[in-house]
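A quick write-up on the structure given underneath.
Please read all numbers here as calculations on a predicted model, not as lab measurements. What's counted below: heavy atoms across the whole structure, side chains too, no hydrogens, waters or symmetry copies.
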Amino acid sequence: MTNFKHFAKQLLNWRFRFLCGLVLAAVSALGLGVGLLSLGPALSLILDPENGMNLIQLAQEHNASNAFPSVPEGLIAMLPEGRFDGVLFILIGLGGLTIFGGLANFFHQYISAWLAMHVVARVRYKAFTHVLYMPIAKVAKLGSSEFVSRIIRDAEALQVGLLVLMGRSVSQFTKGIVAFIVACVFDYRLVIIALLVLPVLVVTLQVIGRRVNKGTRASLSAQQELLRISSEAVQGLKAVKVNTAESTIEKEFEKENAQVVKSEMKVRVMRALSSPLMETLAILVLGTLAGIAAHSIIDGSLQFNRFLLSIGALAVAGSALRPLAGLVTEIQAAEAPAARLMELLDAETEAVGGTESMPSELNSVSFNDVTFTYDNKDAPAVKSFAVRVPGGERVAVVGPNGSGKTTLVSLLPKLLIPQEGNILVNGTNINDIELNSLRTHIGVVTQETVLFHGTIADNIRFGTSASDEEVRVAAEHAHAHEFISELDDGYDSLVYEQGKSLSGGQRQRIAIARVLLRNPSIMILDEATSQIDAESELYIADTLEKYSSGKTVFVIAHRMSTVQNADRILVLDEGELVGNGTHHELLESCDVYRRLTETQLTTAPSNA
């Protein structure tokens, strides 16, 4: 339970509310205890009509015996003289205590829920922000569904455990303890016998708890796989249909769904066992007590009314403590999601870099024998790459599929970290530059444009606090203003999930507007025009021609026009630099480049 305890301690971040909750639970339980203790006088008034005493006489006899606590004389003077009036007095007092205890219990439950939800909200926020700052390679390796499952589902399961711990567990425990103390007041000998069953109870709960914890962890893992399969299938529904892969996805889902049921049933069986086991132990204890008490009553060592009161108080204690068996299993079940959340929160985040600032004007970008290998690969994706790019130069990066082009440009904004070599900007290692400063001066447009649910304006200013006018100017430069103005709501038009309300060319122009708005020193275009129409490509080419002047631009392209217009072309093959020069130079000196121009590099569309 180490991980769950870690999060449970965070309840103390709101120490005053936490203490108020405990006090209210105690007040509610004390109301029950006073009610049980008042049964003694009530029984004396009712069960012995000939020799019974009224409340005043009972109180005076109690004080005369020097029993604790004594009844104040002022209170004795306020007690009714008649025995029936005394019964009514006790019943009215019990009613008042019930209402008061109910209110205390309500506020205790309210505070418990408030604390649990606020702790989990903070944990959920920390988990989400932690993922945002994790290395992208780690996130990509585990998959988005892994993290979404932990942030949402595991946090929800943790909240259930905290609610049980602070709410029902405290309430039931305090009531059970108070009733237990009352039973001791009536007859401590019976209570001692009842305690003999406690070790058996503890061992039973531990065994059940361990099995519940194991089953819950397996269930959460299976649910995570269900989430992954569902997300991939729904987001890629078009690919599923055109490849007639419905049955394949269906079988995968059915398999994981069955695993969820299997794991959940193990947990439910253990939880279901806890209650009858506790009831069986309770019946055995009460039966034993009844036999011992009968012998004591017959030989005159125990009064029958005190036996009834003691057994009644123990029964109340048992009924209050019995649900704790189920509640303990629920708390044990919260250990598994707590452990998964702790694993996430303990995961390594990106290094923030040094203290240097990224220069706004670049003299050069140098790659010095850079090598990068993915965790699941043996061969490097980029191997001993070395080149110096003067500031303001437009560089095209070409190569066969899988040659390491995207990996190379991902190293510059430190989306990936090389295992060997280093990258210098104006002679400064990018590891010595503060990470946020580095990325602020690098604009990236990828082949798969990422847009978020919100307005077009929000998507253009994403990550900045730009004004509406600055957003409009950036859109004009990116040739996006024309189609945006034709929409019913213009810049306030909502973008559907993943930008599906826009065409590919429109999405790319919004992405370029987003980059132009940041006015970066370095621009990276990773096949930004590979999946758009000819008109959009011409617009984008015009934008880059006008607004990339003075910027260092890295372009991964498959259009011949884009490659030929570059100041320099870098040719990659299996992660190695095999060509460096202009189009004409490489046609004469680089076999890989010649093959690319014949097979992969396509001719740019004309204006016709």
Side-chain angles (χ1 to χ4, degrees), residues 144 231-243 396 401 405-406 409 443-464 466 468 470-518 520 523-548 553-563 565 600-608:
S144 60
S231 299
E232 290 179 350
V234 173
Q235 291 177 4
L237 192 57
K238 184 185 295 184
V240 172
K241 289 182 178 295
V242 298
N243 290 282
N401 292 333
K405 302 184 294 295
T406 298
V409 296
V444 181
V445 180
T446 60
Q447 179 179 346
E448 295 292 335
T449 304
V450 178
L451 298 182
F452 299 89
H453 182 73
T455 66
I456 289 178
D458 289 339
N459 272 277
I460 293 176
R461 69 162 60 91
F462 186 68
T464 71
D468 291 341
E470 291 171 325
V471 168
R472 186 188 62 79
V473 170
E476 287 179 347
H477 290 169
H479 291 288
H481 178 73
E482 293 82 355
F483 80 81
I484 294 174
S485 300
E486 293 174 358
L487 299 174
D488 292 339
D489 296 321
Y491 286 87
D492 292 326
S493 299
L494 284 177
V495 176
Y496 295 173
E497 186 178 2
Q498 297 180 351
K500 292 181 179 178
S501 55
L502 302 170
S503 70
Q506 290 171 337
R507 291 197 296 268
Q508 284 290 31
R509 279 180 269 173
I510 288 176
I512 290 175
R514 182 191 292 168
V515 169
L516 295 178
L517 183 64
R518 298 169 67 90
M523 293 179 64
I524 297 174
L525 290 89
D526 187 355
E527 296 197 84
T529 61
S530 63
Q531 296 184 0
I532 61 176
D533 56 88
E535 181 184 13
S536 295
E537 183 181 356
L538 290 173
Y539 281 141
I540 291 172
D542 179 68
T543 297
L544 295 178
E545 187 67 31
K546 289 180 179 179
Y547 301 105
S548 65
V553 182
F554 292 86
V555 182
I556 297 176
H558 68 290
R559 298 290 191 189
M560 181 64 74
S561 59
T562 305
V563 173
N565 292 331
Q600 292 190 23
L601 295 176
T602 60
T603 304
S606 65
N607 291 318

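Of the possible donor and acceptor atoms, none in the side chain of Arg507 sits under 3.5 Å from a partner among the backbone N and O of Thr449. Checked by atom type and distance alone, the side chain of Gln508 never pairs as donor or acceptor with a backbone atom of Gly505 at under 3.5 Å.
The residues Asp526 and Lys405 are annotated as not salt-bridged, no charged nitrogen and carboxylate oxygen being separated by less than 4.0 angstrom.
Summarising the geometry of Val515 relative to Met523, their closest heavy-atom pair is CG1-CE, 4.0 Å, with the distance given to 0.1 Å. The nearest pair of heavy atoms linking Pro520 to Gly443 is CB-N, 3.4 Å. The minimum heavy-atom distance linking Val471 with Ala457 is given by the pair CG1-CA, 4.2 Å.
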Table please: side-chain donor-acceptor pairs of residues 477-484 below 3.5 Å, with sequence neighbours left out.
unit_1	atom_1	unit_2	atom_2	d
His479	NE2	Asp542	OD2	2.7
His481	ND1	Tyr491	OH	2.6
His481	NE2	Ser485	OG	3.2

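Residue Arg514 is tested with Leu451, Thr464, Val445 for a side-chain contact (heavy atoms from CB on, under 4.5 Å); the sole match is Leu451.
Within the 4.5 Å cutoff, no side-chain heavy atoms of Leu525 are placed close to those of Ile556. Between Val495 and Asp458 the shortest side-chain heavy-atom distance does not fall below 4.5 Å.
The side chain to side chain donor-acceptor pair (under 3.5 Å) search around Arg518 returns none, not counting sequence neighbours. A search for side-chain contact (heavy atoms from CB on, under 4.5 Å) contacts involving Asp489 returns Asp492, Ser493, not counting sequence neighbours. Scored by the salt bridge (Lys or Arg N to Asp or Glu O under 4.0 Å) test, Arg472 finds Glu469, Glu476 as partners (sequence neighbours excluded). The side-chain contact (heavy atoms from CB on, under 4.5 Å) test applied to Val444 returns Ile442, Thr446, Ile524, not counting sequence neighbours. Residues meeting the salt bridge (Lys or Arg N to Asp or Glu O under 4.0 Å) test with Glu470, sequence neighbours left out: none. Remark: Leu494 pairs with Thr455 by the side-chain contact (heavy atoms from CB on, under 4.5 Å) rule, at least two apart or across chains.
How far CZ of Phe452 is from CG of Asn459: 7.5 Å, rounded to the nearest 0.5 Å. Summarising the geometry, atom CG belonging to Leu517 is positioned 13.5 Å from atom CD1 belonging to Ile512; distances are rounded to the nearest 0.5 Å.
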